[in-house]
Amino acid sequence: MKKQILIILLLILCPVLCRAQRYVDREIKNGLFVPKGAWLGGCAFSYNEHLSEDLHFLIIDNINSEGYTFKVSPFVGYFIKDNMAVGLRGSYSRTLIDLGTIDVNLGDDLSFKLKDNKYKANNFTVSGFMRTYMSIGGGKIFGFFNDVRVTYGYGEAKFSQPDENNSNAIRGTYQTKHKMQIGAAPGLTAFVTNFASVEVSVDVVGLNFNWIKQNTNQVENSSMHNSSANFKIDLFSINIGMCVYL
């Protein structure tokens, strides 16, 4: 983990060191897009759903499942200077997966079947953010923005499946999760009125820390901690929302 943090610090410091040695005027001019003293508030929403019946995929047969995931994320901020705002964001997400049947065929002696597996999760997060804007073409209708976020999250999940030793019994696992994230969320905004805009953004995770605890059948306890550092776009986290400026 120390090595990953050192690499990130070097990536941040390299442009600064290079600028000190050689400065090149890129002639990038960013005009006023949102003035200092304005407030912004809004809400982003994402939803996806799936339904499969007797689906076949490679060695997996008879996939029968359904489920959904939705996320709502309200936020509020204040512009401390032109084109730059700081604020708070909260979010709630819910995931439900009902796996009716699935057959895995690895050969005559390596075939098995899963049935009646269910998963349900609820997650809550709160984050502080700093947002910067850059207009497109010098106009005041379309623009780029980027959120830099520090996030804390808490989640609960339940997973149930038939007991292998007793077909009439259910084996259940309850899980709690705490996480810390440092990341970014670039996006596009388009003003539809003088005071309202439509936004599209995508999460880019930077540093991620997770602490997970599980309890199975109220008897077996387990825990896990993991951390990661990456800057990749999460295509499953595309958010569409409305924002109001006052």
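Just so it is clear, the structure is predicted and the values come from calculations on it, not from any experiment.
The two residues Gly143 and Ile136 come nearest to each other via the heavy atoms CA-CG1, 3.7 Å. The heavy-atom pair separating Gln175 from Gln214 by the smallest distance is OE1-NE2, 2.7 Å. Listed here is the closest heavy atom pair of Gly139 and Ser135: O-CB, 3.0 Å.
Side chains of Phe191 and Phe142 form no contact here, defined as non-hydrogen atoms less than 4.5 Å apart. A heavy-atom distance below 4.5 Å is not found between the side chains of Phe33 and Phe145. Looking only at side-chain heavy atoms (C-beta outward), Lys158 and Lys118 stay at 4.5 Å or farther from each other. Tyr47 is not listed as a side-chain neighbour of Thr69, based on a closest heavy-atom distance of 4.5 Å or more. Here the side chains of Leu207 and Ser227 are not in contact, with every heavy-atom distance at 4.5 Å or above. For the pair Phe70 and Glu49, the minimum side-chain heavy-atom distance is 4.5 Å or more.
Under the 6.0 Å distance and 45° angle rule, Arg131 counts as a cation-pi partner of Phe75.
Cluster membership for Met180 and Ile182, using ILVMFWY side-chain heavy atoms within less than 4.5 angstrom, is shared. Tracing side-chain contacts under 4.5 Å through hydrophobic residues (I, L, V, M, F, W, Y), one reaches Ile97 starting from Phe159; they form part of the same cluster. Side-chain heavy atoms closer than 4.5 Å link hydrophobic residues (I, L, V, M, F, W, Y) into clusters, and following such links, possibly through other members, connects Ile141 to Phe144.
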Under 3.5 Å, which donor-acceptor pairs do the side chains of residues 148-155 form with other protein atoms, sequence neighbours left out?
from: Arg149; atom 1: NH2; to: Asp147; atom 2: OD2; distance (Å): 3.4
from: Tyr152; atom 1: OH; to: His178; atom 2: ND1; distance (Å): 2.7
from: Tyr154; atom 1: OH; to: Glu156; atom 2: OE2; distance (Å): 2.8

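Through side-chain heavy atoms spaced under 4.5 Å, either directly or across other Ile, Leu, Val, Met, Phe, Trp or Tyr residues, Met242 is tied to Val192, Val198.
Applying the salt bridge (Lys or Arg N to Asp or Glu O under 4.0 Å) rule to pairs touching residues 213-225 yields Arg171-Glu220, sequence neighbours excluded.
Atom CG of Leu188 and atom OG of Ser197 lie 11.0 Å apart (nearest 0.5 Å). Remark: Asn122 CG to Thr95 OG1 distance equals 8.5 Å, nearest 0.5 Å. The line from CZ of Phe129 to CG of Leu88 is 7.5 Å long, rounded to the nearest 0.5 Å. A distance of 8.5 Å separates CG of Asp98 from OG of Ser160, quoted to the nearest 0.5 Å. The structure places CD of Glu199 at 4.5 Å from SG of Cys243, a figure rounded to the nearest 0.5 Å. Atom CG of residue Leu40 and atom CG of residue Leu246 lie 9.0 Å apart, to the nearest 0.5 angstrom.
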Determine, stepwise, if the pair Asn123 / Tyr92 fulfils side chain to side chain contact (heavy atoms under 4.5 Å, CB included). CA-CA 6 Å; Asn123 294 282; Tyr92 167 73; over 6 Å; no

Side chain to side chain contact (heavy atoms under 4.5 Å, CB included) between Ile80 and Met130, worked out: CA-CA 10 Å; Ile80 58 175; Met130 180 177 70; 5.7 Å; no

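Tested against Trp39 for a ring-ring contact (aromatic ring centres under 6.0 Å, His included), the candidates Phe79, Tyr78, Tyr245 yield a single pass: Tyr78. Partner of Tyr133 under the side chain to side chain contact (heavy atoms under 4.5 Å, CB included) criterion, out of Asp82, Asn146, Thr189: Thr189 alone.
The neighbour count for Phe195 CZ, taken as heavy atoms of other residues, nucleotides or ligands under 6.0 Å away, does not exceed 12.
Side-chain contact annotation: Ser91 with Ser73, donor-acceptor N/O pair under 3.5 Å absent.
Side-chain atoms of Asn210 do not come within 3.5 Å of backbone N or O of Lys177 as any donor-acceptor pair.
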